[in-house]
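Structure, as structure tokens:
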Amino acid sequence: MTAMTVLLATPALAAVLLALWPAYRSGAWINVLACAISFGAAVGLMVHRPESGALLLVDDLNSVFVLLNSFVAFTTAVFSATYIAHEVESGRLNSLNLRAYHAMYQVLLFAMTLALVSNNLGVMWVAIEVATLSTVLMVGLYRTPEAIEAAWKYFMLGSVGIALALFGTILVYMAAQPVVGEGQDGMVWSVLVTRAAQFDPALLNLAFVFLLLGYGTKVGLSPLNAWLPDAHAEGPTPISAVLSGLLLNVALYAVLRFKMLLAANPAALAPGPLLMSMGLASLLIAGVMLYRRRDIKRLFAYSSIEHMGLIAFAFGIGGPLANFAGLLHMVMHSLTKSAIFFAVGHVAQVKGTQKLSEIRGLTTSHPALGWSLVIGTLAIAGLPPGGVFMSEFLLVTSTFEQPFPLMLLALPLVVGLLIAFGALMLKLSAIAFGAPSPGTAPVKASYLPMVVHLALVLMAGIYLPAPLVAWFQHVAGLLG
Amino acid sequence: MSPHLVFDIAHLLAGAMVLISLMMLYQDRLTALIKVFALQAVALAASVAWQAYAHDAPHLYVTAAIALIFKAIALPLALQRMVTRLGLHRQVETAVATGPTMLAGLGLVGLSLVIMLPVTATSDPLAREDLAFALSVVLLGLLMMVTRRNAVSQIIGFMSMENGLILAATGARGMPLVVEISVAFSVLIAFIVIGVVLFHIRERFDTVDVDALDRFRGGRS
């Protein structure tokens, strides 16, 4: 059995098993175990890389995503086990809900992994659709009116995005068909990228616009981000962590694959400026929106929009340095944001509310939790020595190094970063310090996932191992 | 059969789908809207079956059969039952008046012709106009989703949009995975319809008017 088979088969089989497994407590640990096996398989994929075929593809680019994906999915499963135990005690979820939840968690993991390793653009599309469906079910899990509203909105906007992406995929096939010929090969990415120079540029341009709008909706780029804050705020917190940390990345990965396709055709439009403008718009709009948030999960959901904007901007600028910064930022954002959501999940449980105005003095009432949240928020706001600081610093310097008119973009970039920084500091000082608000019961939480994530982020800010740097530099070169 | 006739029939069927999309825009009763949607699904099935015949691609008959059985018969029946059993307001609640919507719809059809015809100049002529029609159907479906407040008419807008996508996918000669994609889409739609029933949107809100959902946002942001 190869690592690839294990990677794909484990979540698929675990989903079936968990759907049938009656006891939720042991179900949670089966979930953790399945995620651990997937993570092991992803590491195995690094050690021994399989041959790429017409269906599956593993290269330096998607192995970054696969490894990050399975790691965060694993730590989130550990967090989820303690989180749901509390939700059951407080009566918000019953065992039937949890069976659906655990099964869908594995379906989501399967779909995301398939989208990442698939070489066929059609299979990638189907996988992202399945990922959307499974998260819709999880967002609506609490069945409160708010949760249903969030699920419906996510469903509708997500489906429209998915539909536009399919139209773009069809157009890519139409562009490829006269060159590559009819049939399976016309959808295989590795074939397309070698022949893309001969494709009709006009058709390719149009296809990219649809793909950017379609998958861009799922990345949460402005102005297509209306679903994101609701979906993050109303679902169970482990899902907020997976949505922010992973699913947005998977959609971004799809955009990057098509960007590489366009870059291979000299006559096609440069995808960079489109990505840059959407990225900057997301950064500035989300940064300003942060000030008016009254819900803690929405606050960090907007922060995710901001960071996805930064990453899209980095890949839009392109070139080895900016791509490196974008890639590093993506990894750091996933790790930090999921750690923050782990903390926020427990905070909302002990305080019994998500309202920012009712959460006060966390560092006094729950020192471990409060300080983790402080460290996480400082890191995501881009303070040294966090890894996010390093990637943002790289991004700003690489923007300054651009030729004259482009380097001016560094100005809105820095302004956007400062706006978001200010908002996060304001909110953080209110919730972390001062006299504690009611709800001082001790937390039954496993701090391990949170601590591991934050430790990794701080370590990355101080020292990046040389093989990792070489790997990312190679990927940055691939992205062009 | 002369190649002209093959084109003409393909264009006739695809053009019929665009017309039916426009017809949907001015329906003011849910039951009538569902019937018009069923008609479009029949046109889609005929169009896909014709592509299967013209391109000699037998697997497309499966897609045609899915369109006919699932979208032209099963879904409209289910929606019809839902509408009568839940006693929904039969009136379609529009966010924008019918007149401007129709004008916008005509504009979108023009837009898709202007966009698609030049860029597909070198493509297969059978696919060429089909793609322009397909984009019109997609955009009209989108227009319907944004101009209607009622959840059921939004679903129908989405399904009609998906009809356009299947038309585009079958028009692209020899495109792989078309059957799989149409199955995936059917699952998506089934989920949406089941979602409306299962999430008890009606029970909780007394109406499938999406505006009612918005009311629950008060106090949060």
Side-chain angles (χ1 to χ4, degrees), chain A residues 120-123 125-126 129-130 132-133 136-137 140 143-153 155-156 159-160 162-164 166-167 169-171 173-175 177-178 181-188 200-207 210 229-230 233-234 289 292-295 298 354-355, chain B residues 55 57 115-116 118-124 127-128 131 134-135 138 141-142 145-146 151 154-155 157-158 161-162 164-166 168-178 180-181 183-185 187-189 191-192 195-196 198-201 204-205 210 212-217 219-221:
Chain A
N120 186 305
L121 299 176
V123 174
W125 179 84
V126 173
E129 191 217 298
V130 173
T132 310
L133 279 182
V136 165
L137 287 180
R143 298 286 182 88
T144 58
E146 291 86 359
I148 290 170
E149 188 222 333
W152 179 258
K153 203 166 168 183
F155 208 162
M156 276 318 195
S159 312
V160 170
I162 285 288
L164 293 179
L166 177 61
F167 197 78
T169 310
I170 295 170
L171 289 178
Y173 172 77
M174 292 281 292
Q177 188 230 37
E182 283 174 30
Q184 212 71 35
D185 273 359
M187 294 274 254
V188 176
D200 176 16
L203 210 51
L204 215 50
N205 292 347
L206 192 64
F210 278 100
D230 286 0
E234 302 308 334
M289 301 276 251
R292 307 234 352 187
R293 295 309 105 199
R294 282 172 288 183
D295 180 304
R298 281 171 183 267
Q354 290 177 203
K355 286 200 182 112
Chain B
H55 286 159
I115 293 178
M116 290 311 300
V119 300
T120 50
T122 52
S123 310
D124 173 14
R128 191 172 167 231
L131 215 56
L135 183 61
V138 169
L142 201 58
M145 285 178 78
V146 297
Q154 285 187 350
I155 294 171
F158 179 72
M161 184 169 165
E162 187 250 333
L165 288 169
I166 299 292
T170 51
R173 197 186 180 94
M175 175 152 157
L177 291 171
V178 173
E180 289 80 352
I181 284 172
V183 170
F185 251 130
V187 172
L188 184 67
I189 289 173
F191 258 89
I192 299 182
V196 171
L198 261 194
F199 283 162
H200 304 295
I201 287 192
R204 291 185 189 266
F205 306 111
V210 190
L213 294 177
D214 281 342
R215 256 173 255 145
F216 291 101
R217 299 198 57 188
R220 295 179 303 135
S221 56

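Chain naming here is simple, since letters A, B, ... match the order of the sequence lines and numbering starts at 1 in each.
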Chain A contacts, top residue of B/I115, B/V183, B/L135 (heavy-atom pairs, under 4.5 Å): B/L135

Top of A/L166, A/T132, A/V130, A/N205 for chain B proximity - count of heavy-atom pairs under 4.5 angstrom: A/L166

Interface residue of largest heavy-atom contact number with chain B, from A/F210, A/Y173, A/F167, under 4.5 Å: A/Y173

Any [X] side-chain heavy atom under 4.5 Å of [Y] side chain:
X	Y	result
B/V187	A/L133	yes
B/M116	A/L171	yes
A/V123	B/E180	no
B/M175	A/E182	no

As an exercise, state the distance from [atom1] of [X] to [atom2] of [Y], rounded to the nearest 0.5 Å.
X	Y	atom1	atom2	value
B/L165	A/T169	CG	OG1	10.0 Å
B/L131	A/L203	CG	CG	7.5 Å
B/Q154	A/M156	CD	CE	5.5 Å

Minimum heavy-atom distance B/M161-A/A163, with the two atoms named: CE-CB, 3.5 Å

Engaged part of A/V126 at the chain B interface, taking heavy atoms whose separation is under 4.5 Å: side chain

Side chain / backbone / both / neither for A/Q184 at chain B, heavy atoms under 4.5 Å: both

Counterpart residues, salt bridge (Lys or Arg N to Asp or Glu O under 4.0 Å), relative to B/E162 (two or more places apart): B/K71

